[in-house]
Amino acid sequence: MLDNRENMNVVIVGHVDHGKSTIIGRLLADTDSLPDGKLAFVAENCRRNSKPFEYAFLLDALKEEQNQGITIDCARCFFKTKKRNYIIIDAPGHIEFLKNMVSGAARAEAALLVIDATEGVQQNSRRHGYMLSLLGIKQVAVLINKMDLVGYDLYIYEKVKEEYSEFLQKINIHSSFFIPVSGFQGDNVAGKSLNMSWYKGPNVLQVLEGFIAEPILENKPFRMPVQSVYKFTQNGDKRRIIAGTIDSGKVMVGDEIVFYPSGKKTTVKTIEAFNEPTVYSSKAGYATGFTLTDPIYISRGELATKENELKPKVACKIKANIFWLGKEPLKKTKNYYLKLGTAQVGMRLESVIKVIDASTLEEQTKDEIIKNDVAECILTLDKDIAFDLPDDIIETSRFVIVDNFEITGGGIIQESLTDKHSRLKRQVQLRNYRWENSQISRDERAERYNQKSILLFITSSPEIPRKAYAKALERYLFDRGKMVYFLSMGNLQYGIDADIKLSSKNDKSEHFRRLAEVANLMVDAGLILIVTARELSQDDLELIELGVNREVINTVWIGEHVNTDICCDLHIANVLSESEVVNKILLFLQTKGVIFKP
Ligand code: GTP
Ligand code: MG
């Protein structure tokens with residue numbers, strides 16, 4: 001299969017026992033795609049065991065050979081024609097298919113939907129059709145199967161066709177074909193049917209050949225979710241390789257790259273390939289690593305894009321169409337994870353706009369989403385993610401929902417919504433985008449100063465002498481050669497904050513924005529920055545996190561009771577002496593790897 005021909009992924013769906021496996025078996029047999037003697041071998045096996053021959057057995061026999069090393073739940077079959085290579089994904093149930101589709105393990109560009117002529121349109125025929133529409137698969141051929149069992153009757157075919165077309169129209173699938181087939185007898189699969197001379201249309205194979213391969217992904221805007229960042233440290237090799245698989249578009253040495261959600265911008269210096277001659281470009285579908293001209297700090301989950309192309313959306317509140325597969329319903333009161341590309345963030349269901357029964361298309365208003373429901377809803381995320389809308393790039397608009405380590409749902413983002421911090425976040429993004437990068441990396445500074453830079457908040461109720469502790473800590477660290485600075489919140493009030501009043505609510509958030517910007521500079525310079533604040537709340541902290549990388553912020557609460565809603569990293573409840581408090585903080589800094597043990 002490793003040639004340069006076009007590939008096409010086609011999924012086959014339909015109600016249980018309507019004949020999916022039989023049709024695939026036929027397609028393989030009639031296109032000479034089976035290994036020599038396979039058909040005879042399986043037929044002989046059936047005869048010896050006095051079982052009627054089934055094409056599904058053929059697939060089982062192939063599966064054993066093909067599936068070694070393939071770890072997806074959908075069975076995949078391959079065959080090729082003069083035009084292209086086909087990968088047929090036999091989705092045993094829609095759950096497996098959905099999981100593979102939204103997680104990117106097996107993405108289909110077209111679908112065959114099988115309906116048994118004797119049973120007609122069933123619940124799953126509709127449900128699966130709905131899923132195809134939701135996943136953005138617009139090329140669908142409906143195969144009305146087992147025509148041999150209904151005497152190849154035109155009237156029955158027309159009846160099923162009429163009922164199902166009506167449904168497809170409602171769910172916005174238009175470019176569909178209807179083909180009367182018998183998978184078992186081979187009518188209209190890869191050849192012409194002599195039993196249905198009334199049918200003048202194309203057979204299954206011809207329809208497949210007529211499908212259009214996905215508008216070539218490499219012509220779309222560049223998108224590469226950052227999977228990992230490899231650091232080289234030996235022999236003065238300071239390379240950092242940003243690695244991932246390119247979802248769409250292409251990238252070349254010299255391209256200007258912008259990472260989202262952060263907005264950080266730089267240029268591709270080299271493209272690194274393992275055990276291969278030097279390459280200067282890479283494109284959709286390829287695992288790729290590149291180095292950057294500036295030592296900027298990028299982590300897993302960011303989306304690499306190109307400067308002059310369509311910008312992705314960035315938000316922590318989204319409107320989405322989701323389908324739910326979990327045994328437990330999706331509830332507002334529970335915390336979940338949302339995974340999109342390589343980003344994984346905490347997620348909550350904020351509201352349900354409507355729930356749709358995928359088989360009847362009935363709309364309901366409900367507060368929670370139960371198994372097999374499809375719903376339009378608003379989701380809030382713990383932090384921003386970068387994504388696209390389905391009409392732009394569908395690959396980066398699909399996501400999965402994880403509950404207890406298990407994929408329990410999936411969906412497509414329909415709209416990017418604003419949240420209360422949107423304006424501030426845009427400012428920070430612009431700041432990052434316009435940032436003049438230094439040639440000295442965070443790691444180099446850490447190495448030189450023998451410390452990791454952090455922003456350490458010391459907070460407490462008013463009667464606790466937090467400033468004295470902070471100053472003692474600063475003195476201790478300074479005397480041991482550390483680059484440390486103590487900043488009291490009050491030091492900003494008559495300087496940087498001279499033009500605002502801390503008593504007003506708007507100005508309070510402006511105050512935190514300014515503090516975050518100051519802290520960001522000092523942390524960027526490599527310092528251990530100690531800031532004291534009275535009764536810091538979670539809200540205050542969130543405002544600061546907009547401007548300072550969350551990973552470098554640490555909070556210490558001193559005093560018996562934490563009397564705000566803050567989730568602190570260290571709580572010193574038992575306050576005895578200054579030196580004891582300092583010791584406890586030092587120990588904390590050591591376990592965090594900020595400073596080494598003496
Ligand atoms: P699941 O994978 O269990 O969902 O079923 P499936 O959709 O793959 O159906 P499968 O191909 O296993 O077919 C189910 C039964 O229908 C088998 O016994 C097939 O032999 C029979 N069958 C499938 N297609 C035809 C057909 O065109 N004509 C006749 N007579 N029987 C068929
Ligand atoms: Mg089957």
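As the structure lists them, so they are numbered: ligands from 1, and atoms in each ligand from 1.
- Among the atoms of A56, none of the N or O lies under 3.5 angstrom from an N or O of ligand 1.
- Relative to the six-membered ring of Y286, K250 misses at least one condition, a distance below 6.0 Å or an angle of at most 45° to the axis.
- Looking at K20 against ligand 1, both its backbone and its side chain come within 4.0 Å, counting heavy atoms.
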Is there a salt bridge (Lys or Arg N to Asp or Glu O under 4.0 Å) between K425 and D419? Walk through the geometry before answering. CA-CA 10 Å; K425 287 195 288 199; D419 63 283; 3.1 Å; yes

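- Between Y157 and Y199, the ring planes lie perpendicular to each other; the angle is over 60°, past the 30° to 60° tilted range.
- Of the heavy atoms in V16, both backbone and side-chain atoms come closer than 4.0 Å to ligand 1.
- Shortest non-hydrogen contact noted between E272 and I241 is CG-CD1, 3.6 Å.
- Ring pair F79/Y86 is parallel by interplanar angle, where below 30° counts as parallel and above 60° as perpendicular.
- Residue-ligand proximity, S182 to ligand 1, at heavy-atom distances under 4.0 Å covers atoms 26 (C), 27 (O), 28 (N).
- On a distance-only criterion, E54 and ligand 1 share at least one N/O pair closer than 3.5 Å.
- Only the side chain of L149 comes within 4.0 Å of ligand 1, counting heavy atoms alone; its backbone N, CA, C and O stay farther away.
- Each of E163, H15, K170 was compared with R126 under the side chain to side chain contact (heavy atoms under 4.5 Å, CB included) criterion, and only E163 meets it.
- Around the Mg ion (ligand 2), the protein atoms of type N, O or S found under 2.8 Å away are S21 OG, listed by chain and number.
- Only one option out of D392, L217, D388 pairs with R223 in a side chain to side chain contact (heavy atoms under 4.5 Å, CB included); it is D388.
- Note: F222 and F290 have tilted aromatic rings, judged against thresholds of 30 and 60 degrees for the angle between ring planes.
- For H128 (side chain) and V13 (main-chain N/O), no donor-acceptor pair under 3.5 Å exists by modelled atom type.
- Contacts between N145 and ligand 1, counted as non-hydrogen atom pairs separated by less than 4.0 Å, involve the side chain only.
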